[in-house]
Amino acid sequence: MLKASYYLNSDVVFLARDLIGKTLCTNINNKLTCGIITETEAYAGVDDKASHAYGGRRTARTETMYSKGGVSYVYLCYGIHKLFNIVTNKEGIPHAILIRAIYPTAGLEEILKRRHAEKLTKNLCVGPGKVTEALGINLLHNNVSLNGEEIWLRDDNIKINKNDIQTGPRIGVDYAGFDATLPYRFYTTNYNF
DNA sequence: CGTACGATCTGCT
DNA sequence: GCAGATCGTACGA
């Protein structure tokens, strides 16, 4: 399990890249499901126009982002999709990393059931709404420890060459002006097929 | 209290 | 490629 101090790093962009290749696991409804993280996006606090915490915005929803690093931030998007983020940095600084895609490595049968799918395909768990659906994460899993029983991360020492990690602008944040162009999205194509 | 809109996905064309 | 689904959140009146 990634130790609690891992999430206290103040460089959220570094962490977003570092998380590529780590394993995200959940044990929800007594079902163990895991996947290798293949796509992330960094949301860099109060100065980042694309972040919910831009300008220091502090509301019932965004309060989770101000927690000490190492907890989940789950919220509803477009009224339909639950999006899972990892809160980082010390308490009071609202950094978060959105998990956009995983490659299933455990509990595939349960993942397929949750995704209403027959078999593992390229896009089964690609897209932030699909990740939460596959892992059984819902709004009740907001602000829970990532060193707990239900959700945690693991370093399985999976090797991904630096050249195999791509960078690009974040998705769906056109409203953020210049910040929408920042290369805060990281992904690897190693698990495409 | 009213209302506009979003860190998306799917199905149909 | 595009529209529709669908509802909590944020913010202004």
Side-chain angles (χ1 to χ4, degrees), chain A residues 7 11-20 22 24 33 35 37-67 69 71-89 93-104 111-144 146 151 153 165-188 192:
Chain A
Y7 304 101
D11 189 343
V12 69
V13 178
F14 167 83
L15 281 179
R17 177 190 282 269
D18 193 64
L19 282 170
I20 301 291
K22 298 288 192 289
L24 173 61
T33 49
I37 295 171
T38 59
E39 185 176 352
T40 63
E41 279 178 6
Y43 286 85
V46 299
D47 298 320
D48 180 357
K49 234 177 170 176
S51 169
H52 291 162
Y54 174 65
R57 185 165 50 197
R58 200 156 181 158
T59 65
R61 176 175 67 150
T62 66
E63 191 60 29
T64 303
M65 295 183 78
Y66 292 84
S67 298
V71 300
S72 62
Y73 172 43
V74 183
Y75 70 94
L76 186 69
C77 186
Y78 294 101
I80 305 170
H81 306 288
K82 296 115 196 160
L83 271 57
F84 172 77
N85 300 251
I86 293 170
V87 174
T88 67
N89 211 330
I93 302 191
H95 284 181
I97 299 166
L98 172 67
I99 305 301
R100 295 190 54 87
I102 61 170
Y103 178 84
I111 288 175
L112 289 172
K113 199 186 294 180
R114 287 172 178 158
R115 292 278 301 118
H116 312 286
E118 300 282 318
K119 59 189 174 82
L120 178 60
T121 58
K122 182 180 174 182
N123 291 322
L124 186 70
C125 302
V126 175
K130 297 182 190 173
V131 170
T132 54
E133 189 170 56
L135 296 179
I137 295 171
N138 59 61
L139 296 178
L140 295 175
H141 298 105
N142 179 44
N143 206 4
V144 304
L146 300 179
I151 309 176
L153 281 87
I165 299 181
Q166 322 283 327
T167 306
R170 292 170 291 183
I171 306 292
V173 296
D174 294 344
Y175 59 86
F178 172 76
D179 288 343
T181 69
L182 293 171
Y184 282 3
R185 171 172 172 249
F186 301 96
Y187 56 101
T188 177
N192 283 359

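Order of the sequence lines fixes the chain letters, A, B, ..., with proteins taken first and strands second; residue numbering starts at 1 for each chain. All values below were derived from every heavy atom in this structure, side-chain atoms included, with hydrogens, water molecules and symmetry-related copies excluded. Just so we're clear, the structure is a prediction, and the values are computed from it rather than from any experiment.
In the set C:dA10, B:dT10, B:dT8, the nucleotide with an atom closest to the side chain of A:Arg115 is B:dT10. For A:Thr59, counting side-chain heavy atoms from C-beta on, the closest listed nucleotide (C:dA10, B:dC9, B:dA7) is C:dA10. Across C:dA5, C:dA10, B:dA7, the shortest atom-to-atom separation from the side chain of A:Ile80 is found for C:dA5. Distances were taken from every side-chain heavy atom of A:Arg61 (C-beta onward) to each of B:dT8, C:dT9, C:dC11; the shortest belongs to C:dT9.
OP1 or OP2 of B:dT8 lies within a sub-4.0 Å distance of a side-chain N or O belonging to A:Arg100. Considering only side-chain N and O atoms, A:Arg57 lies nowhere under 4.0 angstrom from the phosphate OP1 or OP2 of C:dT9. The shortest distance between the side-chain N/O atoms of A:Arg58 and the OP1/OP2 oxygens of C:dA10 is not below 4.0 Å.
Contact check on A:Arg170 versus A:Asp48 returns a salt bridge, with a Lys/Arg side-chain nitrogen under 4.0 Å from an Asp/Glu carboxylate oxygen.
Between A:Tyr175 and A:Lys49 the shortest heavy-atom distance is CE1-O, 3.9 Å.
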Derivation of the ring pair (Phe, Tyr, Trp, His ring centres under 6.0 Å) call for A:His52 and A:Tyr75: CA-CA 11 Å; A:His52 291 162; A:Tyr75 70 94; 4.6 Å; yes
Intermediate values then yes/no, side-chain contact (heavy atoms from CB on, under 4.5 Å), A:Ile86 and A:Leu153: CA-CA 10 Å; A:Ile86 293 170; A:Leu153 281 87; 3.8 Å; yes
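Ring-to-base geometry does not place A:Tyr78 in a stacked arrangement with C:dA5 (centre distance under 5.5 Å, plane angle under 30° required).
The backbone N or O of A:Ala53 lies less than 3.5 Å from a partner atom in the side chain of A:Ser51, making a donor-acceptor pair.
A cation-pi contact links A:Arg185 to A:Tyr187, judged by a cut-off of 6.0 Å to the six-membered ring centre and 45° from its axis.
Rounding to the nearest 0.5 angstrom, the gap separating the OG1 atom in A:Thr88 from the CD1 atom in A:Ile97 is 5.0 Å.
Pairs of Watson-Crick or G-U wobble type, with distances under 3.5 Å, assemble into runs of 3 or more in DNA chain C at these ranges: B:1-6 with C:7-12, B:8-12 with C:1-5.
Here the P atom of nucleotide B:dG6 and the CG atom of A:Leu139 are 19 Å apart, to the nearest Å. When the P atom of B:dC9 is taken as reference, atom NZ of A:Lys82 falls 12 Å away, rounded to whole Å.
Judged by distance alone with a 3.5 Å cut-off, a donor-acceptor contact links the side chain of A:His52 to the base of B:dA7.
Residue-level contact check: A:Arg170 touches neither bases nor backbone, having no heavy atom under 4.0 Å from any strand. Within the 4.0 angstrom heavy-atom criterion, only backbone atoms of the sugar-phosphate kind lie near A:Leu76; the bases stay farther away.
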